[in-house]
Novice: 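The structure follows.
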Amino acid sequence: MTKTIYLETPQNFSFRETVNSHGWSVLLPFELDKENLRLSYVFENESSAEISEEDGKLKIEIVGENENLLRDVRHILRFDEDLSKFYKILKSEKRLKWIAAQSAGRLLRSPTVFEDLVKTICTTNCSWSLTKIMVKNLVEKLGNGGRAFPTPEQMASVPEEFYRTQIRAGYRSGYFAELAEKVASGKLNPEAWLTSNLPTNELKKEMKKVKGFGDYAAENLLKLVGRYDGLALDSYLRSEFYKKHNAGTLCDDKQIRAFYEKFGAWQGLAIWCDMSGNF
DNA sequence: GCGTCCAGGTCTACC
DNA sequence: GGTAGACCTGGACGC
């Protein structure tokens with residue numbers, strides 16, 4: 001079954017900026033047609049959505065049955081994210097005015113926190129090309145039809161060795177096996193992090209209980225659940241900071257933190273937009 | 001072709 | 001609490 005739906009977008013929403021907000025749009029089961037700005041995603045039951053813009057609305061071309069599909073599309077594109085306070089803070093920063101002007105700042109995310117959790121582990125201590133390989137293997141060798149991202153149950157159904165030999169996850173293999181077992185058995189519910197009442201530092205501690213999840217990974221996932229207190233410093237952000245704000249020379253993380261401290265609860269989003277924008 | 005280094009870090013042992 | 005060393009893999013680079 002194929003059908004097309006048109007969605008009104010919220011105020012200050014940019015499909016282009018959201019799709020290009022970070023690398024998630026090229027990690028399966030997302031696929032991005034950059035030339036035509038069309039983003040597609042294959043859901044757990046192999047239904048899919050191809051999203052583009054038409055006449056100021058979002059055009060959603062749906063293949064298959066999925067009663068939660070539109071809810072998930074809104075979630076992926078962060079329709080509910082209110083960035084007005086963030087934009088207000090940026091008014092005093094001439095260098096960052098482009099963010100509000102272009103309605104940037106919405107970070108693309110997966111339909112589930114579990115998927116973002118696994119993908120974040122795939123970004124640690126490796127090149128981006130290896131991240132793409134690991135995610136591709138997860139989808140093609142464990143997901144439904146070799147097209148969808150695997151469920152916790154599907155990931156829990158294979159031994160650690162599978163991650164080592166088939167997914168090419170190396171030392172992360174044990175992390176995946178343990179995480180999948182905990183989520184599939186109900187010992188851990190990452191989806192609850194979306195609505196957690198815990199202060200951010202407490203929620204970060206919860207996230208760091210996941211093996212393989214350190215400061216960078218936890219702060220990155222916090223951004224994807226809507227909390228931007230942490231910078232999620234990684235080698236990419238550091239190198240960009242050195243180039244843009246420190247004349248190309250290295251400095252310690254304290255200096256980077258001091259630079260963005262003024263953005264308070266929004267500092268993680270401020271550094272990401274600052275470093276990823278071509279301004 | 002081969003060795004080395006590093007990339008969108010984290011864990012453990014040790015102090 | 002801070003730090004050194006180990007850890008998988010793929011790709012770039014130098015020789």
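Order of the sequence lines fixes the chain letters, A, B, ..., with proteins taken first and strands second; residue numbering starts at 1 for each chain.
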Novice: Between A/Trp24 and A/Tyr41 (judged by ring centroids, cut-off 6.0 Å), do the two rings come close enough to count as a pair?
Specialist: no

Novice: If we take the P atom in both C/dC8 and B/dC2, what is their distance in whole Å?
Specialist: 24 Å

Novice: Does a salt bridge link A/Lys119 with A/Glu115, judged by any charged N lying under 4.0 Å from a carboxylate O?
Specialist: yes

Novice: Taking the nucleotide of DNA chain B with the nearest heavy atom to each, does A/Ser129 or A/Phe213 sit closer to the 5' end?
Specialist: A/Ser129

Novice: Which dot-bracket string describes DNA chain C (Watson-Crick N1-N3 plus N6-O4 or O6-N4, or G-U N1-O2 and O6-N3, all under 3.5 Å; [ ] crossing; | other strand)?
Specialist: |||||||.|||||||

Novice: May I have the distance from A/Lys119 (atom NZ) to B/dG9 (atom C1'), rounded to whole angstrom?
Specialist: 20 Å

Novice: Distance between the C1' atoms of B/dG8 and C/dT3, in whole angstroms?
Specialist: 23 Å

Novice: With sugar-phosphate meaning primed atoms plus P, OP1 and OP2, does A/Ala217 contact a base, only sugar-phosphate, or nothing at under 4.0 Å between heavy atoms?
Specialist: sugar-phosphate

Novice: Nearest-Å distance, CG (A/Leu130) to P (B/dG9)?
Specialist: 11 Å

Novice: Is the base of B/dG8 stacked against the aromatic ring of A/Trp128, taking ring centres under 5.5 Å apart and planes under 30° as the test?
Specialist: yes

Novice: Could you tell me how far apart A/Tyr242 (OH) and B/dG8 (P) are, to the nearest whole angstrom?
Specialist: 13 Å

Novice: Can you sort out which residues in residues 170-179 of chain A have a heavy atom within less than 4.0 Å of DNA chain C? Ascending by number, please.
Specialist: A/Gly170, A/Tyr171, A/Arg172

Novice: Should A/Trp266 and A/Tyr87 be marked as a ring-ring contact (aromatic ring centres under 6.0 Å, His included) after you check the CA-CA gap, both sets of side-chain angles, and the distance that decides it?
Specialist: CA-CA 10 Å; A/Trp266 297 97; A/Tyr87 293 160; 8.6 Å; no

Novice: Report which part of the nucleic acid A/Ser127 touches: base, sugar-phosphate, or nothing (heavy-atom distance under 4.0 Å, all strands).
Specialist: base

Novice: Ion pair present between A/Lys57 and A/Glu8, side-chain N to carboxylate O less than 4.0 angstrom?
Specialist: yes

Novice: Is any NZ, NE, NH1 or NH2 atom of the basic residue among A/Glu160 and A/Arg164 found under 4.0 Å from an Asp or Glu carboxylate oxygen of the other?
Specialist: yes

Novice: Among C/dT9, B/dC11, B/dG9, find the nucleotide with the atom closest to the side chain of A/Lys211.
Specialist: B/dC11

Novice: Between P on B/dG8 and CG on A/Leu27, what's the gap in Å once rounded to a whole number?
Specialist: 13 Å

Novice: Which sits closer to the 5' end of DNA chain B, A/Val210 or A/Tyr236, going by the nucleotide each is nearest to?
Specialist: A/Tyr236

Novice: Quick one: list whatever passes side chain to side chain donor-acceptor pair (under 3.5 Å) with A/Lys85, sequence neighbours left out.
Specialist: none

Novice: With the 4.5 Å side-chain cut-off for hydrophobic clustering, are A/Phe213 and A/Tyr216 part of the same group?
Specialist: no

Novice: Would A/Thr120 and A/Thr123 count as a side chain to side chain contact (heavy atoms under 4.5 Å, CB included) if you check the C-alpha gap in whole Å, the side-chain angles of each, and the deciding distance to 0.1 Å?
Specialist: CA-CA 5 Å; A/Thr120 297; A/Thr123 68; 4.3 Å; yes

Novice: Would you say B/dA7 has OP1 or OP2 under 4.0 Å from some side-chain N or O of A/Thr131?
Specialist: no

Novice: What's the CG-P distance between A/Leu231 and B/dG8, to the nearest Å?
Specialist: 18 Å

Novice: Could you check how far CZ of A/Phe241 sits from P of B/dG8, rounded to whole Å?
Specialist: 19 Å

Novice: Report yes if some heavy atom in the side chain of A/Glu181 is under 4.5 Å from a heavy atom in the side chain of A/Glu178; otherwise report no.
Specialist: no

Novice: Send over the distance from A/Glu161 CD to C/dC8 P, rounded to a whole Å.
Specialist: 11 Å

Novice: Determine: side-chain N/O of A/Lys132 to OP1/OP2 of B/dA7, distance under 4.0 Å, yes or no.
Specialist: no

Novice: Parallel, tilted or perpendicular: which describes the rings of A/Phe241 and A/His245, with under 30° parallel and over 60° perpendicular?
Specialist: tilted

Novice: Rounded to the nearest Å, what distance is computed from the CD atom of residue A/Glu240 to the P atom of nucleotide B/dA7?
Specialist: 13 Å

